[in-house]
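Note sheet for the following structure.
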2 protein chains.
Amino acid sequence: MESDPPADASADSPAAFPASLEVAWGLRDRPHKGPKRGLTLDGIVTAAIAVADAEGIEAVSMSRVAKELGASTMALYRYVATKDELVMLMVDAAIGPPVPLPADATGWRPALEHWATAMRESLLTHLWAIPLVAAHGPPVTPNQLAWLDQSLQALADTGLGYDEKVAVSLLVSGLVRSELSLVALMRQDPAGTAQRLAGYGKFLARVTENGRLPALRAAVTDGAFDDLDADLADEADEFDDFAFGLQRALDGVAAYLGE
Amino acid sequence: MESDPPADASADSPAAFPASLEVAWGLRDRPHKGPKRGLTLDGIVTAAIAVADAEGIEAVSMSRVAKELGASTMALYRYVATKDELVMLMVDAAIGPPVPLPADATGWRPALEHWATAMRESLLTHLWAIPLVAAHGPPVTPNQLAWLDQSLQALADTGLGYDEKVAVSLLVSGLVRSELSLVALMRQDPAGTAQRLAGYGKFLARVTENGRLPALRAAVTDGAFDDLDADLADEADEFDDFAFGLQRALDGVAAYLGE
DNA sequence: CAGTACCGTGTATGCTCTACGCAGTAGCGC
DNA sequence: GCGCTACTGCGTAGAGCATACACGGTACTG
C-alpha cells in the first residue's frame, strides 16, 4: 500500500527476505511488463502440497510439481528463487490461518487450549509439514505469524511481558510439535511402522535385558509398550499424551500467574 | 541372499530393525569369515559427525564421509544399509549418553531440571542434530533410550503411571527441542542469520502495518523484537526462554502431584 | 585344501537442484 | 504506432546425490 519514498521495502534489508515472501504477503504490485504469467505462486504451492499430501514430502521435486502444473521445471524458478523457498511457503499454507476463537472461549486458558488444539489439528492433515515448521528460522510467513499473533492475543490480559508471552507460546507449540512428530511417523507409513511398532515392545525388552536401563526395563516389563500396535487400530481409550502435557503446561502458567 | 540359520537376533522381528542398530547395541557377534574389515561403524559415524560439525549436515554425503576415511563410497554400505541409517546413528552419537545426576540433585524436580539442561547442552554442540532427533520414529538407539531411561528414573518416586511419565518427558524434551531449533538457526549461519535478524524487527513492523495482527503489532511497537541482533553479541541479560518455559512446565507437573 | 562367505571397489543408473542462454511477448515512453 | 526493454517460459547442461550390481580378492570353516 504505502511505499515510503526513501525507504523502499527491500532496499533497507538487502536481499534479506525473498521476493516470493513479499508476494505471499501481498506486498508486491507487479508492474507486469512482459508476457502474461502463466502460473501463480498460490497455484504452485497448492500443487506442491497436493503432491506432498498424496505421496509424502520426499516426492515433492521441482520437476514433479512442474509436471503437475503442465509447465516446465524451470518455469517454477520465475516464482520461487529456490526449492527451500517453495517448501517454506508450503509449510505456511499447510498450517493455514489460525482458527477463530469460539465465542465461549474467554480467558487466556481456554484461548490457549483452543490455540494448541487447532494447531494440532491443522498439522494433522499435513503430517509432512511437522518437522519443517521450525526449519526455516523465526516465523516470517503470513499464517505462521498469524498463529503467533493469536497466541499473543490469548495472553493479552495476563499482564505477562512480551518475552514471557513468547516463551509460553514456545512451550505450548513445542509440545504440539513433539507430540505430533511421534504420531506423524506412526501414521505416515502405516504398513511399515505398525509392523515396526508391533515389535517395539519386544525390541525394548531385548535391549534392556542386561539391566542397564532399569527404569525403562521396569516400564517395559510393566507392559507400557505392549499395546502400541493395538492403539493404532483402536484409539478410543488410549492415554492422551497431548492433552496431559497441555494441561500440565497450562497449570504451570496458571501457577505463575498466581491463579 | 541372507541366510538365517536358527533363531538369529533379527529373526523374531524380521527386518524391522536394521543390522547396524544391532551393532550399535553391541548385539552382533560377527563370525568374521571373509577378509578383515577395514572400517568401523563407530569410525564412520565419528567421521560423519566431524563433517557435520565442521560444515553442516548438508555437507554429509556418503562420498564425502568415505573420502574422509580414505575409503570408497560403496565401502560404507557394508556397514550401513542406507544413508538414513547412518544419520540415525549420527544423531545418537551426537546426543551422547545422559550426564549422570549430580549427588545433590535429589527429588524429581532437580533431576528433571538436570535432565533438560544436560540434554540442551549436548544438542548445543551438534546443532545440526536438533531437527533430526525425532525424525526417525520412536527412539531405538542406545543413547536416546538411555536419556529416556534417565527421565523415567527422575520420575520414579512420583507415583505417576508410565504413560504420565512418558508424557512429562515428552513435554520437557519438546520444550528443549523447540527452543533449540530457534537458537540453532541463529548460530548455524551467523553471517546470514544475524543480518536477517537485524531486519526481523523491521520486517515485522512492515507486515503488521495494516493492523491485521494487532497483538503482534503491539509487541513490535513495544520493541520486543528490536534487540534480537544485539542478543547475538551480548547474551548476558537476555531473557531466557528455556529456563522460563522449563520452570512453567515443572510447576505444572508439581501442581499435578499436589505439591 | 576346497568351499564359501564376506570384503572393498569401479561402474552405471537415475534422480536431484539450478545456472545459463534463448526466443518470444507485452507494456512503456516517444 | 513503434521501438525499447523488462519479463516470460523453456531446453540444455552440469554437478552432485544415493545406491544397485558385478567383480576379484581374502581368510575362515569344514
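Every chain is numbered from 1 and lettered A, B, ... according to where its sequence line falls, protein lines coming before strand lines.
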**Request:** Take the protein atom CE of Met62(A) and the nucleotide atom P of dG11(D), then report the distance between them rounded to whole Å.
**Result:** 16 Å
**Message:** Which nucleotide wins on minimum distance to the side chain of Thr82(A), given the candidates dG8(C), dT18(C), dC17(C)?
**Reply:** dT18(C)
**Message:** From the set dG8(C), dC6(C), dG10(C), return the single nucleotide nearest to any side-chain atom of Ala75(B).
**Reply:** dG8(C)
**Message:** Counting the atoms with a prime plus P, OP1 and OP2 as sugar-phosphate, which does Thr73(A) contact under 4.0 Å by heavy atoms, base, sugar-phosphate, or nothing?
**Reply:** base
**Item:** Under 3.5 Å: donor-acceptor pair, side chain of Tyr79(B), backbone of Leu39(B)
**Value:** yes
**Prompt:** Which of the following nucleotides, dA18(D), dT16(C), dG9(D), is nearest to the side chain of Tyr79(A)?
**Reply:** dG9(D)
**Prompt:** Between Arg217(A) (side chain) and Leu204(A) (backbone), is there a donor-acceptor pair under 3.5 Å?
**Reply:** no
**Request:** Return the nearest nucleotide to the side chain of Tyr77(B); candidates are dT19(D), dT8(D), dC17(C).
**Result:** dT19(D)
**Message:** Tell me which one of Leu132(B), Ile49(B), Ile95(B), Ile57(B) satisfies side-chain contact (heavy atoms from CB on, under 4.5 Å) with His126(B).
**Reply:** Ile49(B)
**Asked** Roughly how many Å is it from NZ in Lys67(B) to P in dC17(D), rounded to a whole number?
**Response** 9 Å
**Asked** Quick one: is Ser72(A) getting a side-chain N or O under 4.0 Å of the dG9(D) phosphate, OP1 or OP2?
**Response** no
**Prompt:** Do Trp128(B) side-chain atoms and Glu55(B) backbone N/O form a donor-acceptor pair below 3.5 Å?
**Reply:** no
**Request:** Please work out if Arg37(B) contacts a base, only the sugar-phosphate, or nothing of the nucleic acid, heavy-atom cut-off 4.0 Å.
**Result:** sugar-phosphate
**Prompt:** Roughly how many Å is it from CD in Glu58(A) to C1' in dC17(C), rounded to a whole number?
**Reply:** 17 Å
**From dT25(C), dT29(D), dT9(C), nucleotide with atom closest to Pro35(A) side chain** = dT25(C)
**Message:** Quick one about Ser151(A) and Ser169(A) (side-chain donor to acceptor, distance below 3.5 Å, no hydrogens or angles considered), yes or no?
**Reply:** yes
**Request:** Would you mind reading off the distance between Leu76(B) atom CG and dC7(C) atom P, rounded to a whole angstrom?
**Result:** 13 Å
**Asked** Starting at the 5' end of DNA chain C, which residue's closest nucleotide do you reach first, Gly34(B) or Gly70(B)?
**Response** Gly34(B)
**Prompt:** What is the distance from CZ of Arg64(B) to P of dA18(D), rounded to the nearest Å?
**Reply:** 12 Å
**Prompt:** Looking at the side chain of Lys33(B), which of dC17(D), dG3(C), dT16(C) is the nearest nucleotide?
**Reply:** dG3(C)
**Prompt:** CE of Met74(A) versus P of dA19(C): gap in Å, rounded?
**Reply:** 7 Å
**Prompt:** 5'-most contact on DNA chain D: Val60(B) or Leu39(A), nearest heavy atom basis?
**Reply:** Leu39(A)
**Message:** I want to check one thing: is the phosphate of dA18(D), taken as OP1 and OP2, less than 4.0 Å away from some side-chain N or O of Lys83(B)?
**Reply:** yes
**Request:** Ignoring the backbone of Arg78(B), work out which of dC17(D), dG8(C), dC28(C) is nearest its side chain.
**Result:** dG8(C)
**Prompt:** Roughly, in whole Å, what's the span from CG in Leu86(B) to P in dA18(D)?
**Reply:** 10 Å
